[in-house]
There are 2 protein chains.
Amino acid sequence: MEALSERQETILALIVHRYIDAAQPVGSRWLVEQYHLGVSPATVRNEMATLTEAGLLRQPHTSAGRIPTEQGYRYFVRRLLGETELPADERRLISHQFHQARGAINEWVQLAASVLARHSRVASVVTAPHAERAIFKHLELINTRGNQVLMVLVLLGGVVQQELLSLASTFEQSELSQTAQKITMAAMGKSSREVAALVEEFKGLHAEILLLVASVMMRVDGLAAGDIVRDGLTNFLGEPEFADVNSARTALRLFEERGFLDEVVAEALDTTSVGTVQVVIGGEGYWKELENCSIVLARYGAPGLATGALGVLGPTRMAYGRTISAVRYVAGLMSDLVIETFAGQGNSGLTQ
Amino acid sequence: MEALSERQETILALIVHRYIDAAQPVGSRWLVEQYHLGVSPATVRNEMATLTEAGLLRQPHTSAGRIPTEQGYRYFVRRLLGETELPADERRLISHQFHQARGAINEWVQLAASVLARHSRVASVVTAPHAERAIFKHLELINTRGNQVLMVLVLLGGVVQQELLSLASTFEQSELSQTAQKITMAAMGKSSREVAALVEEFKGLHAEILLLVASVMMRVDGLAAGDIVRDGLTNFLGEPEFADVNSARTALRLFEERGFLDEVVAEALDTTSVGTVQVVIGGEGYWKELENCSIVLARYGAPGLATGALGVLGPTRMAYGRTISAVRYVAGLMSDLVIETFAGQGNSGLTQ
DNA sequence: CTTTAGCACTCTCTATCCGAGAGTGCTAAT
DNA sequence: ATTAGCACTCTCGGATAGAGAGTGCTAAAG
């Protein structure tokens, strides 16, 4: 693609801004009058024609103003949208909320989703932090009834897995507690594979439980991400591109179905490093269901220890500046939390 | 309200059925021809006029067919809709799925939501089972970094509460483990109040932790319900009453906001006993946001031990027969699970 | 007293048409 | 390279008209 002249870039940027704001095609005359460009509408029209030919703009119909194409948005985001940051007062507000919510990890995740939804004004997704490899921390066995046993497995970072087991025979609670304690001693700090290897050294109930523990841990290892929390579902129902119920429905379905999000998040985790924000505009040809949608996504956490993903899903016509900075900021806060929780080191960052 | 004649009831039932099916006003002529009533359209019209006067039917405009009013739906559900049950093969299918999902409680809750959404074809809500009173089962303290400590508190029934604490000073993991073990010994099987009373007997770290444990347990006591899981959000976007984006939005917002659901569920838990299904049609004047919506709700679990709620939210024009039976059946399965998990006694019911 | 045939009336829904308005592309002049 | 002028295209809103569906009423019949 040939480089654009400065004036062309200005015009593209103005059109993107205006279109994001008003959701209506932008005309040459309006542009000149509004922004006091020192040229005539005809000149702007010529530039627009060039930009249209370059595939950055398009017309909904012959005689309407221009709107950005997906490529236009991409050019805008990559080249014209400078580094933005959330205003200091918003940052302070968010940081304050996160301070208030000290406590359960799940609450942090929900708070992150809620903050993102509110500040980006589109729908948000946050996955709970997920350890790179499950590391055994503690096991608890609780007798419930007959040969039903509730297994509570605590992994590094405080991830808890619960499972209801049906054992071959009945055991006393005291016996179960002893078993759990013995296994905890032996397996502390070990990975799923190492726990599986421990089976050799035990027999009977111990071995049986160890096997179950190892299999649960392997399942956790295999998971791409932790629990997913959503917020702001209703935000994009107000946007004009979803006035048609069907388009709203497909977008919402994507959002509801875990499988799709898993895929996107996995993809993002592969190609994105912690600290950078990735913007996927219009599905990039990959996902055709995302036709009018964009995704702004970031990875958070500590690589090698535990990571998660968070981001937003909204119409392509979205306020990228604000959204990107919100995602980046919240990802930073969540990273601090993960490092704190998973016994690493690092600046908490919460204290401004 | 005067009692309706048999013929009036027939006509009301037919109109409700047909309207639920087709979402279009029902006319007298069509009714007579379709169902081979042995009377003329004029007769049916007379009866319709009576039913309209009684407030059970209404006309969208002067010259359209009739549609049921909310009162009409209520009469239909209460008096005309006989006891229905899910077809045996559907029951078997569901029961089979529940069998497959043995394991974590959360998975059961999610499965229940998914099954309800699929079988009722509207949006579903399921709350996790919530113990009547939190009973201490086990405590774990995990050192993370500096004076940050992760507290994992296991309550009766396998409910797990995690909390990140900031302690006054730093402790070794071994010290924390000992403390946790000591507290576990002392608090096993106790309620929040009893745990709080234990504080007297300890001092220093032990007392500090005990206080935190008690406060978390009290918070759990105060909660009306456990986690809420939703499914089938997109189901009702297809319905014609939500063709207007705004109405879809208000309904969806209700569904997304936890506060509202909490209120409804709390209300339902108060007035409904386990085993019965409650139908709220059109908000009953209470909640005006529910104008075109109905709720079918049931309580499940074991009163005095642990209970939860599950149900669906959909357009007033919903297939009540199928929905009510689905809700009732799933509530039964979940009750069995709760009784099993919370160490009670009772028939598992899963084995057909 | 109940039922029914007949009929005028009302209201929605769809298609069609028309004019206003907005914006473009092209051409020729600056 | 820029711009004024102009013809052309397309959408959008409102008005109009006819078809269709269904009712309520009246008067007659059972």
Side-chain angles (χ1 to χ4, degrees), chain A residues 2-12 14-16 18-19 21-69 72 240-241 243-244, chain B residues 2-12 14-16 18-19 21-69 72 240-241 243-244:
Chain A
E2 234 174 281
L4 299 184
S5 74
E6 197 173 325
R7 189 167 69 192
Q8 286 169 337
E9 290 195 335
T10 308
I11 290 175
L12 176 59
L14 288 178
I15 290 178
V16 171
R18 168 65 185 171
Y19 183 65
D21 223 51
Q24 276 175 0
V26 184
S28 56
R29 189 202 187 101
W30 190 92
L31 217 49
V32 170
E33 283 181 5
Q34 196 66 17
Y35 295 105
H36 308 100
L37 312 180
V39 293
S40 77
T43 309
V44 174
R45 276 206 290 282
N46 283 333
E47 300 288 35
M48 280 174 158
T50 315
L51 288 170
T52 305
E53 212 155 331
L56 299 173
L57 294 179
R58 67 188 177 88
Q59 297 174 274
H61 53 266
T62 326
S63 166
R66 301 304 211 287
I67 63 180
T69 61
E241 34 270 87
D244 171 32
Chain B
E2 236 173 281
L4 299 183
S5 74
E6 197 174 326
R7 188 167 69 190
Q8 286 169 336
E9 292 196 333
T10 308
I11 289 175
L12 176 58
L14 288 177
I15 289 178
V16 171
R18 167 66 184 170
Y19 183 64
D21 222 52
Q24 277 174 359
V26 185
S28 56
R29 189 200 187 101
W30 189 92
L31 216 50
V32 170
E33 284 180 4
Q34 196 66 19
Y35 295 106
H36 307 100
L37 313 180
V39 292
S40 77
T43 309
V44 174
R45 277 206 289 281
N46 283 333
E47 299 287 35
M48 280 173 156
T50 314
L51 289 168
T52 305
E53 212 155 331
L56 300 173
L57 294 179
R58 66 188 177 89
Q59 296 173 275
H61 52 267
T62 325
S63 167
R66 300 304 209 286
I67 63 180
T69 61
E241 35 268 88
D244 171 33

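In what follows, chains carry the letters A, B, and so on, assigned in the order in which the sequence lines appear, proteins first and then strands, with residues in each chain numbered from 1. Everything quoted here is computed from the prediction, not taken from an experiment.
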What is the separation between atom [atom1] on [X] and atom [atom2] on [N], rounded to the nearest whole Å?
X	N	atom1	atom2	result
A:Ile15	C:dT24	CD1	C1'	13 Å
B:Ile11	D:dT23	CD1	C1'	15 Å
B:Arg29	C:dG6	CZ	P	12 Å
A:Gln24	D:dC12	CD	P	10 Å
A:Arg18	C:dG23	CZ	C1'	15 Å

Atom CG of A:Leu56 and atom OG1 of A:Thr50: how far apart are they, to the nearest 0.5 Å? 10.5 Å

Distance col, row A:Tyr35:OH vs A:Ile11:CD1, nearest 0.5 angstrom, shows 12.5 Å

Show every salt bridge (Lys or Arg N to Asp or Glu O under 4.0 Å) that has at least one partner inside residues 52-62 of chain A, sequence neighbours left out. none

Residue pairs, two or more places apart or on separate chains, that pass salt bridge (Lys or Arg N to Asp or Glu O under 4.0 Å) and touch residues 27-41 of chain B: B:Arg29-B:Glu33

Residue-level proximity of residues 31-40 of chain A to DNA chain C when a heavy atom falls under 4.0 Å: none

Polar atom pairs between nucleotides 13-21 of chain C and protein, under 3.5 Å, N or O only, would you list them?
none

Can you name the residues that form a side-chain contact (heavy atoms from CB on, under 4.5 Å) with [X], not counting sequence neighbours?
X	answer
A:Thr52	A:Leu57, A:Arg66
B:Asp21	none
B:Ala23	B:Pro240, B:Arg317

Is there side-chain contact between A:Ile67 and A:Pro60, with heavy atoms separated by less than 4.5 Å? yes

Just wondering, do A:Leu51 and A:Leu4 contact through their side chains at under 4.5 Å, heavy atoms? yes

Of all heavy-atom pairs linking A:Pro68 and A:Tyr19, the shortest is CD-CD2, 3.6 Å

Can you check nucleotides 25-30 of chain C for protein contacts, nitrogen or oxygen pairs under 3.5 Å, and list what you find?
from	atom 1	to	atom 2	distance (Å)
C:dG25	OP1	A:Arg66	NH2	3.0
C:dG25	N7	A:Arg45	NE	3.2
C:dG25	O6	A:Arg45	NH2	3.2

Table please: side-chain donor-acceptor pairs of residues 36-49 of chain B below 3.5 Å, with sequence neighbours left out.
from	atom 1	to	atom 2	distance (Å)
B:Ser40	OG	B:Ala42	N	3.3
B:Ser40	OG	B:Thr43	N	3.4
B:Ser40	OG	B:Thr43	OG1	3.3
B:Arg45	NH1	B:Ser28	OG	3.3
B:Glu47	OE1	B:Gln8	NE2	3.2
B:Glu47	OE2	B:Arg7	NE	2.8
B:Glu47	OE2	B:Arg7	NH2	2.8

Over the length of the helix from C:dC1-D:dG30 to C:dT30-D:dA1, how much do the five-pair end axes diverge, rounded to 10 degrees? 20°

